[in-house]
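The structure appears below as structure tokens.
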Amino acid sequence: MLYFGDCQLFLLISFSNPDTVSGEHRVQFIHSQSTANIEILNEGQVCDTVFVTPTARTIDIAHAWIMKNAITLVTSPETREKITSMLNKYIFFADKVEIQDITMKTSLFALAGPRSHKIIEGFDLKDVLRLPYGSHKQCIVNGTPITIAVGNIISEEGFLLLVSPANAKSLWKSLKDHGAVPMGSNAWETLRILQGRPAPGKELTDEFNVLEANLWNAISLDKGCYKGQETISRLVTYNGVKQRLWGIRLSSHVEPGSSISVNGEKVGKLTSVTTGGHVSKPFGLGYIRKRAASEGDIVNVGDGVVGTVVEVPYLGRQRPLSSKSCV
């Protein structure tokens, strides 16, 4: 059974869509192709970085792991081929960079919820529990090498575990034996929406830019030239961000894509909706014009559905104008 919104959440999902970027110039290359300040990171650190178009429209959020000899990028299944192709396009003759799709060579488990630390503790990995959020470390569990990161992509409370496919089945069993409850893609999608992490094809599209998606923690404003940097700087300088992504508590179900209005005037668009888990009422994510509504305000969604604008954990942790760190 899955428990959303209370302290009993301890869930598990398995997925994997990573690329590795290796070569002498790998750090500078990813630094110039995405929004975070990759050059300030050290081996053993992890951060979110956003791939955008030249006009700062969103493609996907990548989870970047800084390894000894490579950077591992975890992307969404929908964007993996697009991002890989895009990166290869920008490798020039003199660049010492190699990109490899390692989806079939890795398995990635996400452990979420307030009891996650008990499961990690059960593997006798107390040193992992002392690591700060945004760190990863290679460990040995039952003789198997596993790289464990603090944080699980959509929430700070949890862990990511990177392992070879040959050892994935035994790790899956061990996690369940230690109390983890498996969840499928529908439950993961519900958790994503409740946490407020934007997803490709929904919140991350050519329709919205990276600042409207409120992804400030993944953006550097002072790292120098990178794709989309000119647009982002101009939006910040001239206060040009006109809308923002919010959570919306809904009175009844309404389809994604429905318009959001205030006093009969269209002010935004609903992008995701869930009724899963133990959610008492439908909950969604949507873009709303900044001067039209904000946290606590009432909006109309679609035809007669009442919505209350609320903050969500992932977006609430974002810190506008914080350019010194990517996490």
Side-chain angles (χ1 to χ4, degrees), residues 17-23 25-41 47-64 66 71-101 197-245 268-269 271 287 289-290 315 318-327:
N17 288 281
D19 284 334
T20 61
V21 182
S22 57
H25 298 154
R26 64 188 181 277
V27 173
Q28 300 96 312
F29 179 72
I30 296 302
H31 183 86
S32 68
Q33 294 297 318
S34 65
T35 60
N37 193 342
I38 303 296
E39 289 185 345
I40 67 171
L41 300 180
C47 80
D48 281 344
T49 190
V50 187
F51 287 102
V52 299
T53 69
T55 56
R57 302 289 169 165
T58 53
I59 299 172
D60 197 6
I61 311 168
H63 207 53
I66 311 302
I71 298 174
T72 297
L73 298 173
V74 179
T75 62
S76 303
E78 306 92 323
T79 64
R80 175 175 54 84
E81 291 186 2
K82 180 177 182 177
I83 290 175
T84 301
S85 176
M86 180 181 70
L87 292 178
N88 277 310
K89 178 182 176 181
Y90 284 97
I91 298 176
F92 297 106
F93 180 77
D95 291 338
K96 297 180 180 179
V97 176
E98 181 180 348
I99 299 170
Q100 182 181 9
D101 182 351
R197 183 180 174 100
K202 297 174 182 179
E203 293 75 36
L204 306 178
T205 71
D206 285 341
E207 192 174 350
F208 310 108
N209 67 57
V210 66
L211 300 186
E212 292 171 336
N214 204 48
L215 298 174
W216 294 94
N217 288 2
I219 299 168
S220 172
L221 299 179
D222 59 2
K223 72 170 186 171
C225 185
Y226 60 94
K227 186 187 293 184
Q229 180 265 340
E230 184 177 347
T231 298
I232 291 170
S233 295
R234 188 165 58 247
L235 287 169
V236 173
T237 300
Y238 298 105
N239 193 25
V241 182
K242 303 302 183 184
Q243 58 186 338
R244 210 211 94 161
L245 186 61
K269 177 181 176 180
T271 53
Y287 285 90
R289 208 159 62 217
K290 288 179 69 175
L315 298 178
Q318 305 295 315
R319 293 292 177 265
L321 300 178
S322 177
S323 60
K324 300 301 182 183
S325 173
C326 67
V327 291

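Numbers here are sequence positions counted from 1. Side chains included, hydrogens not; waters and symmetry mates left out as well; all remaining heavy atoms used.
For Phe29, the ring-ring contact (aromatic ring centres under 6.0 Å, His included) test picks out no residue, with sequence neighbours left out. Applying the ring-ring contact (aromatic ring centres under 6.0 Å, His included) criterion to Tyr226, with sequence neighbours excluded, gives no partner residue. Legend: residues meeting salt bridge (charged side-chain N to carboxylate O under 4.0 Å, His left out) with Glu230, ordered by chain and number and at least two apart, are Arg234. Under the rule for a salt bridge (charged side-chain N to carboxylate O under 4.0 Å, His left out), the partners of Arg244 that lie at least two apart in sequence or sit in another chain are Glu311. For Arg197, the salt bridge (charged side-chain N to carboxylate O under 4.0 Å, His left out) partners at least two apart in sequence or on another chain are Asp48. Partners of Ser32 under the side-chain hydrogen bond (donor to acceptor under 3.5 Å, both in side chains) rule, at least two apart in sequence or in another chain, do not exist in this structure. Under the rule for a side-chain hydrogen bond (donor to acceptor under 3.5 Å, both in side chains), the partners of Ser34 that lie at least two apart in sequence or sit in another chain are Thr49. Here Asp60 pairs with Ser76, Thr79 under the side-chain hydrogen bond (donor to acceptor under 3.5 Å, both in side chains) rule; sequence neighbours left out. Under the side-chain contact (heavy atoms from CB on, under 4.5 Å) criterion, Glu81 pairs with no residue, sequence neighbours left out. Listed by chain and number, the residues in a salt bridge (charged side-chain N to carboxylate O under 4.0 Å, His left out) with Lys96 are Glu24 (sequence neighbours excluded). Considering only residues two or more places apart in sequence or on other chains, Ser22 meets the side-chain hydrogen bond (donor to acceptor under 3.5 Å, both in side chains) condition with none of them.
Rounded to the nearest 0.5 angstrom, Leu73 CG and Arg26 CZ are separated by 12.0 Å. Summarising the geometry, atom CD1 belonging to Ile30 is positioned 6.0 Å from atom CD1 belonging to Ile99; distances are rounded to the nearest 0.5 Å. Between the OG1 atom of Thr55 and the NZ atom of Lys227 there is a distance of 10.5 Å, given to the nearest 0.5 Å. Separating the OG atom in Ser85 from the CZ atom in Arg80 is a distance of 12.0 Å, to the nearest 0.5 Å. The CD1 atom of Ile232 sits 5.5 Å away from the CG atom of Leu211 when rounded to the nearest 0.5 Å. Between atom NZ of residue Lys269 and atom CG of residue Leu245 there is a gap of 12.0 Å, rounded to the nearest 0.5 Å.
Asn88 places a side-chain N or O within 3.5 Å of a backbone atom of Thr84 that can act as its donor or acceptor partner. Judged purely by atom type and a 3.5 angstrom limit, Asn209 has no side-chain atom pairing as donor or acceptor with the backbone of Thr58. Within the 3.5 Å criterion, the main-chain N or O of Asn217 finds a donor-acceptor partner in the side chain of Gln318. His31 places a side-chain N or O within donor-acceptor distance of the main-chain N or O of Glu39, the cut-off being under 3.5 Å.
Phe51 and Met86 get closest at one heavy-atom pair: CD2-CE, 3.7 Å.
A heavy-atom distance below 4.5 Å is not found between the side chains of Asp95 and Tyr90. Under the 4.5 Å side-chain criterion, counting only non-hydrogen atoms from C-beta, Asp19 is not in contact with Thr72. Here the side chains of Val21 and Glu98 are not in contact, with every heavy-atom distance at 4.5 Å or above. Ser220 is not listed as a side-chain neighbour of Thr35, based on a closest heavy-atom distance of 4.5 Å or more.
The side-chain contact (heavy atoms from CB on, under 4.5 Å) test with Val52 singles out one residue from Ile59, Thr231, Val210, and that residue is Val210.
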request  = With side chain to side chain contact (heavy atoms under 4.5 Å, CB included) as the test, would you mind laying out the steps for Cys47 and Ile38 before giving the verdict?
outcome  = CA-CA 8 Å; Cys47 80; Ile38 303 296; 4.1 Å; yes
inquiry  = I'd like to know whether Lys290 forms a side chain to side chain contact (heavy atoms under 4.5 Å, CB included) with Lys242, so could you lay out the CA-CA distance, the side-chain angles of the two residues, the decisive distance to 0.1 Å, and finally the verdict.
reply    = CA-CA 6 Å; Lys290 288 179 69 175; Lys242 303 302 183 184; 5.7 Å; no
Intermediate values then yes/no, side chain to side chain contact (heavy atoms under 4.5 Å, CB included), Tyr287 and Gln243 = CA-CA 6 Å; Tyr287 285 90; Gln243 58 186 338; 3.7 Å; yes
Which atom pairs, donor and acceptor, lie under 3.5 Å between side-chain atoms of residues 199-206 and protein residues at least two apart or in another chain?
unit_1	atom_1	unit_2	atom_2	d
Lys202	NZ	Glu189	OE2	2.7
Glu203	OE1	Arg192	NH1	3.0
Glu203	OE1	Ala199	N	3.0
Glu203	OE2	Thr271	OG1	2.6
Glu203	OE2	Ser272	OG	2.6
Thr205	OG1	Glu207	N	3.0

